[in-house]
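Written out below as structure tokens is the structure these notes cover.
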Number of protein chains: 2
Amino acid sequence: MLKGILQGCLLILISDEPMYGYSISQALTEFGFQDVPKGTIYPLLINMGKKGLIVGKMQPSKEGPKRKYYYITADGLQEKAQFINQWSTLSSNVNSLIHKRSDNDESR
Amino acid sequence: MLKGILQGCLLILISDEPMYGYSISQALTEFGFQDVPKGTIYPLLINMGKKGLIVGKMQPSKEGPKRKYYYITADGLQEKAQFINQWSTLSSNVNSLIHKRSDNDESR
DNA sequence: TTTTGCTATCTTGCTTTACAAACTAGTGGT
DNA sequence: ACCACTAGTTTGTAAAGCAAGATAGCAAAA
């Protein structure tokens, strides 16, 4: 339907400030996406890197293993804008369907 | 992310009134989903039938080939309600991300 | 009557998405 | 030494999405 809602969300997060996988997974939890699995996030980040939407740089951390910080690219910003448009279209389409008001069963 | 937004939309359409594949594809177009391919709709309908969410009945048509009208089941109605909930959660999560207001770049 | 065009459905096969699960590895506390 | 938390990658699998083509009924134009 809409390819990669998650990808769009990651672009938004990363465009706000560079993030690494683990912190992204925590941020998503805060935004209500309960527990998006690592098996989804990491491969997606790698794939987004291949597409040139983000670039990752390993940086050492004092409180644990190295972190791979991702930065958004120009292409990524463009893709982000496109996602926001697609989302708003999709969102209003689905909402108009849901509120079709056919008096069938919604509120009773 | 959210499994089958399309499935949810079909449940809503069919719960409103029984429909057949071709009419569903036309209805979707009216609701702004431009041209959802048949290769997506028909297999999905068959799959939803297997899951017991809908039942299909062939009925002859005077203006063309036979049509397979789908009717929603009790399970389908339940699934529909669940979809509407999931959608509203997802939708508000994504919107809160989009309107994160980080003064980074949205309106300039 | 043959062809074209619209309606209608199904099937095959490919690509992408999503994810569980396992593996590796650094740091700090008990 | 062991556990818990942080952090990342890889592998394998199932499901989703869809293009493309096969099949077929009907009707009006050629």
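Quick note on labels: first sequence line is chain A, next is B, and so on, each numbered from 1.
- If you check C:dC19, C:dT9, C:dG26 against the side chain of A:Pro65, the one that comes closest is C:dG26.
- Between A:Glu63 and A:Pro37, the residue whose closest nucleotide on DNA chain C is further toward the 5' end is A:Pro37.
- The phosphate of C:dC10 (OP1 or OP2) has no side-chain N or O of B:Tyr42 nearer than 4.0 angstrom.
- By the 6.0 Å and 45° rule, B:Lys57 does not stack over the aromatic ring of B:Tyr70.
- Within the 4.5 Å cutoff, the side chain of B:Leu90 has heavy atoms near those of the B:Trp87 side chain.
- Put simply, B:Lys66 has no side-chain N or O that comes within less than 4.0 Å of OP1 or OP2 on D:dC26.
- Rounded to an integer number of Å, the gap from CD1 of A:Ile5 to P of C:dT17 is 12 Å.
- With rounding to whole Å, B:Ile41 atom CD1 is found 12 Å from D:dG17 atom P.
- Toward the 5' end of DNA chain C, the nearer of the two residues A:Lys38 and A:Ser61, judged by each one's closest nucleotide, is A:Lys38.
- Distance, B:Leu6 CG to D:dC18 C1': 11 Å, rounded to whole Å.
- Remark: P of D:dA7 and CD1 of A:Ile24 are 12 Å apart, rounded to the nearest angstrom.
- At a threshold of 4.5 Å between non-hydrogen side-chain atoms, the residues A:Met58 and A:Lys66 count as touching.
- For B:Thr40 and D:dG17, the shortest distance from a side-chain N or O to OP1 or OP2 is not below 4.0 Å.
- Across all their heavy atoms, A:Glu79 and A:Leu11 have their closest contact at CG-CD1, 3.5 Å.
- Nucleic acid contact class of B:Lys62 (heavy atoms, under 4.0 Å, all strands): sugar-phosphate only.
- Of the listed nucleotides (C:dA8, D:dA7, C:dC10), D:dA7 has the atom at the smallest distance from the side chain of A:Tyr20.
- Using a 4.0 Å heavy-atom criterion, one finds that A:Gly64 contacts the sugar-phosphate atoms exclusively.
- In terms of phosphate contacts, B:Tyr22 brings no side-chain nitrogen or oxygen within less than 4.0 Å of OP1 or OP2 of C:dT9.
- In this entry the distance linking CG of A:Leu45 with P of D:dT10 reads 13 Å, nearest Å.
- For the residue pair B:Gln7 / B:Lys80, no side-chain donor-acceptor distance below 3.5 Å is found, with atom types taken as modelled.
- The side chain of B:Tyr70 lies closest to C:dC10, out of D:dT10, C:dC10, C:dT9.
- To the nearest angstrom, C1' of C:dA25 lies 15 Å from CZ of A:Arg67.
- Checked against D:dT10, C:dT17, C:dC10, the side chain of A:Pro43 finds its nearest nucleotide in D:dT10.
- A pairwise comparison of heavy atoms in B:Gly21 and B:Ile41 identifies O-CG2, 4.3 Å as the closest pair.
- Distance B:Met58 CE to C:dT9 C1': 6 Å, rounded to the nearest Å.
- Per the geometry, NZ belonging to B:Lys50 stands 16 Å off P belonging to D:dA14, to the nearest Å.
- Nearest to the side chain of A:Gln26, among C:dC10, D:dT6, D:dG8, sits D:dT6.
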